[in-house]
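Each remark here refers to the structure printed beneath this line.
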Amino acid sequence: MATPHIAAENGDFAPDVLMPGDPRRAKRIAETVLEDARLVTEVRGMLGYTGTYQGRPVSVMGSGMGIPSISIYATELFRFFGVERIIRIGTVGGMAPHLNVGDVVIGTAAHTDSDVLRRLVPGAYYSATPDFGLATAAYAAAQGLTDGAGGAVYAGALFSSDSFYNNEPEMRAGLVEHGTLAVEMEAAGLYAVADREHKKALAICSVSDLLFRAEELSAAERERLFDRAVQLGLAAFAQA
């Protein structure tokens, strides 16, 4: 069945979905990582593919940028297309001073300034957290990396901001003081949708730049480390 934002049929999506923000990255994953991948939706240019990885069905689809965008796609995938688990594969800006570009952060929580989440549970401060099984499986897979490529892998809290260009140093300092590792724009929305739909989600993100030092990855380095996060996501699907 088609939805307002996904033109696919029942059974077109696998139960497990990798979700980068950029639909072109979804296309690249489908072409270079999955076997026998086929295009299953392209509404508004948001590409989605389904194939196999080591004999297991896996889909990949872009989410766009921001909590509203990923919330729309995650809701429709969970609610109408039989998807059970979504892992966001993205990039983050490093906030904690011990991070370096090229590190990977597994988001074990996601703070946010989004009003979308503030209205979820009247009278309560909702905590956006991932599925524990997926998070621990991804972290265990990271400890088994043997290729020596890339930086360290950390598990910790993300900050999902509603504003890419908003510069609030006092808030940033407070978040870092309370253990937040990095900033991005989608994880909290994905975790909230998964909770509401009684499904499972996780965010695995590469540190592409730093908020406290002028340093960022080149385009080629970003793609190579993005592939590393994809492999951790696929390992988490297989082991969780």
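The figures here come from the full heavy-atom set of this structure, side chains too, leaving out hydrogens, waters and symmetry mates. In what follows, residues are counted from 1 in the order of the sequence shown.
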Check ion pair Arg228-Asp103 (N to O, under 4.0 angstrom) =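 Salt bridge: no.
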Arg172/Glu168 salt bridge by N-O under 4.0 Å criterion =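 Not counted as a salt bridge, because no side-chain N and carboxylate O are separated by less than 4.0 Å.
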[atom2] on [Y] to [atom1] on [X], rounded to 0.5 Å:
{"X": "Tyr191", "Y": "Leu202", "atom1": "OH", "atom2": "CG", "result": "4.5 Å"}
{"X": "Phe159", "Y": "His178", "atom1": "CZ", "atom2": "NE2", "result": "14.0 Å"}
{"X": "His5", "Y": "Met46", "atom1": "NE2", "atom2": "CE", "result": "10.0 Å"}
{"X": "Asp113", "Y": "Asp162", "atom1": "CG", "atom2": "CG", "result": "5.0 Å"}

Does the side chain of Ser160 come under 3.5 Å of the side chain of Glu184 through a donor N or O and an acceptor N or O?
->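 Yes, because at least one side-chain N or O of Ser160 sits under 3.5 Å from a partner of the opposite role on Glu184.
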Is it true that Phe226 and Leu34 fall in one hydrophobic cluster, defined by side-chain heavy atoms closer than 4.5 Å?
->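 Same cluster.
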Take Thr50 and Ser59 through the test side chain to side chain donor-acceptor pair (under 3.5 Å) and record every step on the way to the result.
-> CA-CA 4 Å; Thr50 295; Ser59 294; 2.6 Å; yes
Residue among Met61, Lys27, Glu42, Arg38 satisfying side-chain contact (heavy atoms from CB on, under 4.5 Å) with Tyr49 |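 Passing option: Lys27.
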Count the heavy atoms belonging to other residues, nucleotides or ligands that lie under 6.0 Å from CD of Glu197, then report whether that count exceeds 12.
->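 More than 12 heavy atoms, drawn from other residues, nucleotides or ligands, come within 6.0 Å of this atom.
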Does any pair with a residue in residues 127-136 pass salt bridge (charged side-chain N to carboxylate O under 4.0 Å, His left out), and if so which ones, sequence neighbours excluded?
->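 Residue pairs with at least one partner in residues 127-136: there are none.
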What pairs with Pro15 under side-chain contact (heavy atoms from CB on, under 4.5 Å), at least two apart in sequence or on another chain?
->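 In terms of side-chain contact (heavy atoms from CB on, under 4.5 Å), with neighbours along the sequence ignored, Pro15 is linked to Glu84.
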